[in-house]
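Reading through the structure tokens given below for one structure.
Computed from a predicted structure; not experimentally measured.
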Amino acid sequence: MTDLAPAPGLGPAPGLGPAPGLRQFIVKVASRCNLNCSYCYVYNQADSTWQDRPARMSDGTFEATIERIRGHCSSSGLGDVEIIFHGGEPTLIGAQRFSSMCRKAGEGLAGVAQARFSIQTNATRLSPAWITALREHDVLVGVSLDGPKEVNDRYRVDRKGGGSHDRVAEGIALLRAGGVPFGILSVVAPGADPLAVHRHFVDLGCRSVSYLLPAIAREAARELRRRHGPTPCADFLIPIFDDWWWSGTLELSIREFWNIGRVIMGGTSELDSIGNPPLPFITVETDGSIHGLDQLRTCEEGMTDTALSVHDADFRDLALASPLHAEVMAGLPLPSGCRACPEASTCGGGYVPHRYSRERQFDNPSLWCADLLALFAHIRMRMGVSHDETLRRRSALAVAHPGPGPGPRAQPLALQAASGDSSA
């Protein structure tokens with residue numbers, strides 16, 4: 001994908017929901033997928049509400065979504081928004097309908113805001129028609145892939161259990177031939193050869209990579225640690241960091257590394273998975289229902305539900321309808337067990353869904369706490385920045401830029417691979 005440049009984002013105004021900072025809209029145009037990835041947070045974890053939703057978003061629901069976005073822009077003064085086509089697998093709607101939706105969105109927001117488009121896809125259904133549509137509407141493309149065939153096809157399989165790698169590679173070849181830049185979104189695969197995975201992505205010609213920590217139950221994480229050691233994710237990511245750091249390929253954006261570097265230097269994270277920043281995005285399902293952080297589906301059945309719909313509610317109604325989502329979008333309090341941690345101001349307790357337990361809700365350190373600490377420590381060592389220097393830099397920045405001011409635009413985990421530079 002191409003760049004998603006940083007843009008201002010504020011937390012929710014009291015009583016008004018996420019409206020002031022809301023500028024990204026994850027629109028689930030398909031609620032089904034042609035793959036059946038074993039770790040998928042939509043289909044194979046705690047939440048099954050997808051089964052009750054239409055397989056495709058109707059024209060009426062899409063038009064209502066655009067009308068709500070227009071109203072939000074009019075009331076907030078926002079001049080540009082990003083519409084992220086998501087699913088399920090969004091290419092199931094077909095290239096012609098996708099192109100029509102992009103045109104309708106542009107027309108529906110005309111005179112109020114400029115719309116930018118992104119899509120997160122498994123790339124298995126891309127075709128020349130899709131390449132034409134993506135180029136026509138200047139769409140940012142994120143491709144989901146976990147590594148070479150032997151790694152990817154352990155987890156990312158179709159409905160018959162067959163691997164998906166070869167079809168993804170064909171889709172990527174179409175993107176490259178059509179001159180469509182793309183990024184790769186990859187879930188860390190403990191036990192796999194990290195450099196083989198990373199160099200495979202480099203060889204595919206992507207502009208950026210995002211390495212996601214697995215969103216799994218705490219019991220499953222304990223099993224991974226039993227099999228692969230106490231820090232299986234850090235053990236995977238640290239060799240990739242060193243290869244990236246020493247190989248002279250820093251022009252390839254690896255979002256997690258850039259953003260850990262940002263917070264270590266006293267800045268703010270632009271990823272929702274690092275630092276617990278305010279979230280400037282919202283999700284609309286195929287039935288028009290409005291949801292906050294979609295990855296909360298990994299926690300419990302129905303946790304993302306707000307009882308709101310674009311057919312009868314504004315986005316700003318979220319705060320009253322769902323205090324949990326309003327609090328998550330503003331930035332949850334630091335877990336009590338993290339308050340004495342030297343990385344409390346940088347890690348921020350880890351990604352919100354990774355904190356959850358039924359006993360303590362979100363008042364837990366990340367299930368990947370040990371991995372995060374090891375990764376932060378390694379990057380600090382390479383950068384030569386101590387914890388004290390981080391605090392001094394943060395204090396200096398606070399003096400230079402007093403008050404809440406515009407915060408970072410936290411990129412949704414749904415599309416972290418979209419950008420091609422350090423801002424992504």
Side-chain angles (χ1 to χ4, degrees), residues 1-2 28-30 32-44 84-95 98 117-135 139-189 191-212 214-215 236 240 252-255 413-420 424:
M1 285 189 162
T2 53
K28 294 203 170 191
V29 293
R32 305 296 190 266
C33 188
N34 60 317
L35 298 187
N36 187 31
C37 304
S38 60
Y39 52 67
C40 182
Y41 73 87
V42 176
Y43 306 111
N44 291 319
I84 301 169
F85 289 89
H86 208 273
E89 173 48 43
T91 60
L92 289 171
I93 66 173
F98 172 81
F117 303 112
S118 306
I119 189 170
Q120 185 66 37
T121 175
N122 60 40
T124 61
R125 294 174 55 84
L126 293 182
S127 64
W130 268 102
I131 301 303
T132 299
L134 296 171
R135 287 173 58 91
V139 180
L140 306 176
V141 180
V143 174
S144 300
L145 184 68
D146 285 351
K149 186 179 181 69
E150 63 273 14
V151 177
N152 181 83
D153 290 356
R154 293 180 203 165
Y155 313 102
R156 300 188 59 81
V157 297
D158 60 26
R159 296 289 166 181
K160 296 181 179 179
S164 62
H165 178 273
D166 292 348
R167 282 173 288 165
V168 179
E170 290 171 3
I172 287 175
L174 286 171
L175 292 170
R176 294 183 68 177
V180 179
F182 65 95
I184 287 177
L185 194 69
S186 180
V187 176
V188 167
D193 181 341
L195 294 184
V197 170
H198 182 64
R199 289 168 184 168
H200 182 64
F201 296 154
V202 173
D203 291 344
L204 287 173
C206 64
R207 290 274 298 274
S208 64
V209 183
S210 193
Y211 289 105
L212 311 184
F236 182 92
I240 294 174
L252 172 69
S253 172
I254 302 180
R255 290 180 159 235
L413 206 130
L415 200 70
Q416 287 183 9
S419 178

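For the atom pair SG (Cys33) and OH (Tyr43), the distance works out to 5.5 Å, reported to the nearest 0.5 Å. Note that CG of Asp203 and NE2 of His198 are 10.0 Å apart. Values are rounded to the nearest 0.5 Å. Taken from CD1 in Ile84 to CD in Gln120, the straight-line distance is 9.0 Å, to the nearest 0.5 Å. Taking OG1 from Thr124 and CZ from Arg156, the interatomic distance works out to 9.0 Å, rounded to the nearest 0.5 Å. Rounded to the nearest 0.5 Å, atoms CG (Leu126) and CG (Leu175) are 5.0 Å apart. Note that CD1 of Ile254 is 9.5 Å distant from OG of Ser210, once rounded to the nearest 0.5 Å.
The shortest side-chain heavy-atom distance between Asp146 and Val197 does not fall under the 4.5 Å cut-off. Between Arg207 and Ser253 there is no side-chain heavy-atom pair separated by less than 4.5 Å. Contact annotation: the side chain of Val42 never approaches that of His86 to less than 4.5 Å [non-hydrogen atoms, C-beta and beyond]. Side-chain contact between Leu134 and Phe98 is present, with at least one heavy-atom pair separated by less than 4.5 Å. By the 4.5 Å heavy-atom criterion applied to side chains, Tyr155 and Cys37 are not counted as neighbours. In this structure, Pro214 and Val188 have side chains that are in contact, with non-hydrogen atoms separated by less than 4.5 Å.
Between the side chains of Ser164 and Asn122, no donor N or O sits under 3.5 Å from an acceptor N or O.
In this view, Thr132 satisfies the side chain to side chain contact (heavy atoms under 4.5 Å, CB included) rule with no residue, not counting sequence neighbours. A search for salt bridge (Lys or Arg N to Asp or Glu O under 4.0 Å) contacts involving Asp166 returns Lys149, not counting sequence neighbours.
Nearest heavy atoms, Gly147 versus Asn152: O-CB, 3.5 Å. Considering all non-hydrogen atoms of both residues, Gly87 and Pro90 come closest at N-CD, 4.0 Å. Contact detail for Gly183 and Cys206: the closest heavy-atom pair is CA-CB, 4.5 Å. Taking all atoms of both residues into account, the shortest heavy-atom contact from Pro148 to Ala196 is CG-O, 3.8 Å. Closest approach of Val143 and Ala123 over heavy atoms only: CG1-CB, 3.8 Å. Shortest non-hydrogen contact noted between Ala30 and Ile93 is CB-CG2, 4.4 Å.
Ring pair Phe85/Phe117 is tilted by interplanar angle, where 30° to 60° counts as tilted. Using a 30° and 60° split on the angle between ring planes, His165 and His200 fall in the tilted class, from 30° to 60°.
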What verdict does the side chain to side chain contact (heavy atoms under 4.5 Å, CB included) test give for Ile119 and Trp130, after you've listed the backbone C-alpha separation in whole Å, the side-chain angles of each residue and the deciding distance to 0.1 Å?
CA-CA 11 Å; Ile119 189 170; Trp130 268 102; 4.1 Å; yes
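For residues 122-133, no pair satisfies salt bridge (charged side-chain N to carboxylate O under 4.0 Å, His left out), with sequence neighbours left out.
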